[in-house]
Amino acid sequence: MTRTAHAFWLRSPGHGEIREVALPDPGPGDVVVRTLCSGVSRGTETLVFRGGVPVSQHTAMRAPFQDGEFPGPVKYGYLNVGLVEEGPPSLLGRTVFCLYPHQTRYVVPASAVTPVPEGVPAPRAVLAGTVETAVNAAWDAAPLLGDRIAVVGAGMVGASVAAVLARFPAVRVQLVDAEPARAEVARALGVDFALPEEATGDLDLVVHASATEQGLARSLELLAPEGTVLELSWYGDRRISLPLGEAFHSRRLTVRASQVGTVSPARGTRRGYGDRMALALELLSDPAFDALVTGECGFEELPQVLPGLAAGEIPGLCHRVRYTAESAVSSV
């Protein structure tokens, strides 16, 4: 007996396709999940699609359920929401989030899925992986009561970070982006917006998420003396320059990296990956996060849509992928 599903594969940089894949028989500790929707991570995933993962980072950049190797063929992705069709009674029939690629149905250990809370719609839950990054960034940043903060770069990650930091008491959060249309996203999230040249300075903390050299330089300019830039951008195989002359040393500025692959050391001894993901899903009960989903397509359309996303021809933030009952049908 062989069950099959369909998955999106990057055949080679810039070229994707839908492939039929055989599903393993589930073991006693596994779940069978039928995908309801998935999300395209516009930063990391489009970089993978372009073939921009440096050789030195091939191991570090592996997704939890990736098949194949960079630059391709590879099955990559990590924003998946589905319905448990087989598995332990406590999960059977539950909507769950999993760090799984774009695939109509899959088999994973039950420990790899996180139940989506009541009140969080499945289409919004695809943002959980990105909001998890924002939670980790907030743990790394450790803002204080009344801090003046900017988030430079209003993409999926930056906007999520701004939404999370805005929940801290008495902080002032400003979302900074070169695209004026991102003001609508900031308004929906309840934070201020500014173009880079108009951003307010003298800040305690700047979170940089624009993945541009100019954005990182502007982040340093916005700091107050002894302020910190928390760097969230992933540059792939690009080299960037950073202005560490001028007043960088006299103002005693700090640039610090944050990366979701490791639970923040600020919480690592008391929180695990599951705790972090559960918190991200809890935060998604806020409908304001719907502003981060700006496009949608069917699963069958993904090979035609991803090139446009990677090239920037399709603007926006998170692109959601819909799965119909027909696309998820398995063969026996």
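Heads up: numbering here begins at 1 and tracks the sequence.
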May I ask you to test the Ile18-Pro303 pair for a side-chain heavy-atom distance under 4.5 Å? yes
Backbone N/O of Ala310 and side chain of Arg50: donor-acceptor pair under 3.5 Å: yes
If we ignore hydrogens and angles and just use 3.5 Å, is the side chain of Thr35 paired with the main-chain N or O of Cys37 as donor and acceptor? no
When rounded to the nearest 0.5 Å, the distance separating CZ of Phe289 from CE of Met156 is 11.5 Å
Calculate, to the nearest 0.5 Å, the distance between atoms CD and CZ belonging to Glu226 and Arg252 respectively. 5.5 Å
Looking at Asp202 and Arg148, does any basic side-chain N land under 4.0 Å from a carboxylate oxygen? yes
Pairs satisfying side chain to side chain donor-acceptor pair (under 3.5 Å), at least one member in residues 116-131, at least two apart: Arg124-Asp290
Answer yes or no: is there an ion pair linking Glu184 with Arg182, defined by an N-O contact shorter than 4.0 Å? no
Please check if the side chain of Thr294 supplies one atom and the backbone of Leu317 the other of a donor-acceptor pair under 3.5 Å. yes
Report yes or no: do Asn136 and Ser264 form a side-chain donor-acceptor pair below 3.5 Å? no
Quick check: do Val40 and Leu302 have side-chain heavy atoms less than 4.5 Å from each other? yes
Any side-chain donor paired with an acceptor under 3.5 Å for Ser56 and His58? no
Compare all side-chain heavy atoms of Val32 with those of Arg3 and state whether any distance is below 4.5 angstrom. yes
Salt bridge (charged side-chain N to carboxylate O under 4.0 Å, His left out) for Arg167 and Asp286? Distances and angles first, verdict last. CA-CA 11 Å; Arg167 295 167 176 262; Asp286 187 346; 3.3 Å; yes
Pairwise distance CD1(Ile314) to OG1(Thr46) - rounded to 0.5 angstrom: 11.5 Å
OG1 (Thr114) and CG (Asp275) are apart, to the nearest 0.5 Å, by 10.0 Å
Run Glu85 and Arg94 through salt bridge (charged side-chain N to carboxylate O under 4.0 Å, His left out) and show every step you take. CA-CA 8 Å; Glu85 295 185 321; Arg94 295 287 302 272; over 6 Å; no
Taking C-beta and beyond as the side chain, do Leu145 and Phe168 meet within less than 4.5 Å on heavy atoms? no
For Gly27, does its backbone N or O pair with a side-chain atom of Asp30 as donor and acceptor, under 3.5 Å? yes
Do Val74 and Asp67 have side chains that approach each other closer than 4.5 Å (heavy atoms only, starting at C-beta)? no
If you group Ile, Leu, Val, Met, Phe, Trp and Tyr whenever their side-chain heavy atoms sit less than 4.5 Å apart, what else falls in with Leu222? Val152, Val176, Leu203, Val206, Leu216, Leu220, Leu223, Val229, Tyr235, Ile240, Leu242, Leu244, Phe248, Leu253, Val255
Using a distance-only test with no angle check, is there a side-chain donor-acceptor pair under 3.5 angstrom linking His319 and Glu45? no
Donor-acceptor pair, Arg276 side chain versus Val260 backbone, under 3.5 Å? yes
Crowded around Glu246 CD? As in, over 12 foreign heavy atoms under 6.0 Å? no
Val293 and Leu309: same hydrophobic cluster, using ILVMFWY side-chain contacts below 4.5 Å? yes
Taking the inter-plane angle between the rings of Phe8 and Phe49 on a 0 to 90° scale, is it parallel (under 30°), tilted (30 to 60°) or perpendicular (over 60°)? parallel
With distance as the sole test, does Asp147 use its side chain to make a donor-acceptor pair with the main-chain N or O of Leu144 at under 3.5 Å? yes
The reported gap from CZ in Arg322 to CD in Glu300 (rounded to nearest 0.5 angstrom) is 9.0 Å
Can you sort out the partners of Ala159 under side-chain contact (heavy atoms from CB on, under 4.5 Å), two or more places apart, ordered by chain and number? Val185, Leu189, Leu292
Compare all side-chain heavy atoms of Pro143 with those of Ile149 and state whether any distance is below 4.5 angstrom. yes
May I ask you to check whether Gln66 and Lys75 show a side-chain donor-acceptor distance below 3.5 Å? no
Trace of the salt bridge (charged side-chain N to carboxylate O under 4.0 Å, His left out) decision for Arg218 with Glu197: CA-CA 9 Å; Arg218 184 58 176 146; Glu197 63 273 15; over 6 Å; no
Is there a continuous path of hydrophobic side-chain contacts, each under 4.5 Å between heavy atoms, that joins Val164 to Met277? yes
dist Glu296:CD -> Arg320:CZ (nearest 0.5 Å) comes out at 4.5 Å
Can you tell me if Ser285 uses its side chain to pair, donor with acceptor, with the backbone of Val120 under 3.5 Å? no
Arg238/Glu213 salt bridge by N-O under 4.0 Å criterion: no
So, Tyr106 versus Asn80: side-chain donor-acceptor pair below 3.5 Å or not? yes
Just by modelled atom types, is the Gly129 backbone N or O under 3.5 Å from a matching donor or acceptor in the Thr133 side chain? yes
Inspect the contact between Glu231 and Arg256 and indicate whether a charged nitrogen and a carboxylate oxygen are less than 4.0 angstrom apart. no
Decide yes or no for Val96 and Val33: does some side-chain heavy atom of the first lie under 4.5 Å from some side-chain heavy atom of the second? yes
Side chain Ser12, main chain His15, donor-acceptor under 3.5 Å: no
Output yes when a side-chain donor or acceptor of Gln174 lies under 3.5 Å from a complementary backbone atom of Thr200, and no otherwise. yes
Transitive ILVMFWY side-chain link Leu79 to Trp9, under 4.5 Å: no
Ignoring hydrogens and angles, state whether a donor on the side chain of Ser38 or His102 is under 3.5 Å from an acceptor on the partner side chain. yes
